Amino acid sequence: MIRNLAKKSWLFGVFATLLVLVLGCFASARPASAARIDDQFRAWLANDLWPEAKAKGISQTTFNAAFDGVTPNLELPGLVMPGEKPKVPKAQHQAEFGAPGAYFSEKTMGAVTAGGRARAGKYAATLAAIEKRYGVPGSVVLAIWGRETGFGRVKLPYDAFTVLGTKAFMSNRKAMFRTELLAALEMVQRGLAPVGAMKSSWAGALGQPQFMPTSFLKHAVDGDGDGRADIWNSAPDALASIASYLAHYGWQRGRDWGFEVTVPANVSCALEGPDRGREISRWERMGIARVSGKPFPSHEAGREGFLLMPAGRLGPAFIATPNFYVLKDYNMSDLYALFIGHAADRIAYGDSRFSHGWQKVDRLYRSDIAAMQRALEKKGYDVGSADGLPGFKTRRSIGDWQARNGRAATCFPDKELVRALR
């Protein structure tokens with residue numbers, strides 16, 4: 001904005017004229033570019049997707065109804081324009097992969113836990129039946145329901161076929177979204193949901209549990225006894241479907257998800273991970289203790305547990321059970337699974353915050369973390385994937401490199417570490 005108009009008003013006139021010309025050129029060019037993508041999209045539907053859909057039993061009527069009026073939504077994240085190569089995005093769009101402490105804001109956590117307790121009585125019979133059938137506690141199911149769609153109150157704004165079609169055509173994970181798109185067509189073909197009901201998130205997730213279409217086909221169940229699985233409008237169906245999903249991925253009946261602990265300085269944070277488990281009693285002998293001061297439950301002591309430090313030494317630590325990683329199967333994020341476990345505890349036992357707080361961490365671009373991961377890979381470390389997301393393999397690689405280079409092992413990325421590894 002020009003602030004010295006009184007001195008040089010003539011300059012504003014020149015600038016405004018140029019701005020109009022530039023914006024006019026952009027306005028005329030942008031629709032033309034979008035129109036070309038629209039044409040390519042329609043050709044892709046007809047010549048690429050339709051033959052496979054037809055081979056899978058999708059009728060022309062279903063296919064046409066699903067894509068009637070659909071054009072690519074170029075505002076969705078994770079897209080790769082035709083002719084370009086995928087790149088690690090500079091910024092991070094998903095909150096569960098950002099600053100750890102921010103993910104556990106009391107506003108969000110409090111809404112989920114209070115909402116869960118308020119519904120525990122209302123759906124007590126349904127939740128008891130679900131736990132008897134699947135072994136998943138009602139508090140866990142309520143926590144997921146609350147986190148995903150605010151107990152069904154969040155309205156899903158997107159058309160699923162627009163989202164899935166766009167991403168199957170031009171995202172950085174086209175194969176995955178193509179599979180989901182074909183599954184969505186199967187849902188309509190089988191009469192499991194009409195086209196008009198297929199509302200989704202920006203990632204194509206459906207209904208109150210936020211199932212991808214393949215998950216709906218595998219795990220959606222009838223929880224209210226009306227003979228159909230309606231995860232959009234039936235709370236019992238949504239709750240039972242969540243439990244069905246967790247049971248399928250190995251939820252262990254009767255086990256906790258994990259415990260907040262203190263980790264002595266002589267226990268390396270690089271011991272974290274689901275592939276470095278040991279008996280919980282052995283962790284205890286190493287000096288790891290519950291923050292409550294209570295011993296680990298006797299039924300857990302001889303069973304496998306895993307060190308979990310989502311912010312390395314800059315946040316709370318946990319001994320997780322295999323059920324934690326089942327929660328992570330619902331959304332591939334340590335922070336998400338931890339949020340659900342913690343919220344479930346608060347729903348079941350009352351509000352209690354983490355004993356150890358989340359320290360402030362450096363704000364880093366996802367692309368900076370990816371560059372650091374590539375540098376660690378060149379040094380022989382397994383970071384999981386150089387995707388800019390600091391998962392457990394990246395965190396423990398950081399801790400190991402720090403220790404080997406005479407640094408305090410934090411097991412979490414920071415600006416100085418990014419500079420040092422460039």
Side-chain angles (χ1 to χ4, degrees), residues 27-84 93 148-149 152 154-220 227-234 237-238 241:
S28 62
R30 177 66 174 76
S33 175
R36 285 194 296 273
I37 292 174
D38 290 350
D39 291 341
Q40 292 172 336
F41 177 71
R42 301 312 299 188
W44 172 79
L45 286 177
N47 302 322
D48 189 338
L49 187 66
W50 164 240
E52 184 175 0
K54 182 180 180 181
K56 290 181 177 293
I58 306 302
S59 70
Q60 185 77 65
T61 299
T62 295
F63 192 87
N64 290 346
F67 295 106
D68 183 29
V70 169
T71 57
N73 181 347
L74 303 184
E75 301 302 317
L76 295 172
L79 300 186
V80 180
M81 295 298 116
E84 296 183 2
H93 293 283
E148 291 296 336
T149 55
V154 172
K155 302 303 179 185
L156 302 174
Y158 295 96
D159 170 70
F161 288 104
T162 297
V163 172
L164 297 172
T166 301
K167 288 178 172 284
F169 173 61
M170 56 186 299
S171 81
N172 53 11
R173 293 189 293 168
K174 290 194 290 187
M176 186 274 281
F177 282 107
R178 184 186 185 98
T179 298
E180 296 297 342
L181 180 56
L182 290 166
L185 288 167
E186 182 181 346
M187 288 172 61
V188 175
Q189 183 67 37
R190 290 170 53 184
L192 302 176
V195 169
M198 297 287 281
K199 299 298 182 183
S200 76
S201 70
W202 61 265
L206 306 167
Q208 296 183 34
Q210 285 291 272
F211 278 179
M212 296 302 287
T214 54
S215 293
F216 178 94
L217 293 173
K218 293 176 184 175
H219 310 301
R228 58 190 298 265
D230 182 0
I231 63 170
W232 292 270
N233 303 300
S234 169
D237 288 5
S241 297

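A quick note: this is a predicted structure, and the numbers were derived from the prediction, not measured. Residue numbers run from 1 in the order of the sequence given.
R190 CZ to I58 CD1: the interatomic distance, rounded to the nearest 0.5 Å, is 10.0 Å. Of the inter-residue distances, the one linking H219 atom NE2 with M212 atom CE reads 12.5 Å to the nearest 0.5 angstrom.
Counting all heavy atoms, side chain and backbone alike, T162 lies closest to N73 at CG2-CB, 4.0 Å. In this structure, G207 and L156 approach most closely via the heavy-atom pair N-CD1, 3.4 Å. The minimum heavy-atom distance linking A160 with L206 is given by the pair CB-CD2, 3.8 Å. When all heavy atoms are compared, the tightest approach of Q208 to A238 is CB-CB, 3.9 Å. Contact record, A193 with W232: CB-CH2, 3.7 Å, taken as the closest heavy-atom pair. Summarising the geometry of P72 relative to T166, their closest heavy-atom pair is CA-OG1, 3.3 Å, with the distance given to 0.1 Å.
A distance below 6.0 Å separates the ring centres of F41 and F169.
Side-chain contact between L182 and L49 is present, with at least one heavy-atom pair separated by less than 4.5 Å. Within the 4.5 Å cutoff, the side chain of M170 has heavy atoms near those of the M81 side chain. Between S200 and L164 the shortest side-chain heavy-atom distance does not fall below 4.5 Å.
No side-chain donor-acceptor contact under 3.5 Å links Q210 and T149.
Screening residues 37-46 for side-chain hydrogen bond (donor to acceptor under 3.5 Å, both in side chains), with sequence neighbours left out, gives W44-D48. The stretch residues 49-68 participates, sequence neighbours left out, in these salt bridge (charged side-chain N to carboxylate O under 4.0 Å, His left out) pairs: E52-R178.
Ring geometry, F67 versus F161: the interplanar angle exceeds 60°, so the pair is classed perpendicular (tilted spans 30 to 60°).
A donor-acceptor contact shorter than 3.5 Å links the side chain of S171 to the backbone of K167.
Applying the ring pair (Phe, Tyr, Trp, His ring centres under 6.0 Å) criterion to F177, with sequence neighbours excluded, gives no partner residue. T179 meets the side chain to side chain contact (heavy atoms under 4.5 Å, CB included) test with T214; sequence neighbours excluded. For Y158, the ring pair (Phe, Tyr, Trp, His ring centres under 6.0 Å) test picks out no residue, with sequence neighbours left out. With sequence neighbours left out, the side chain to side chain contact (heavy atoms under 4.5 Å, CB included) criterion links A203 to S201.
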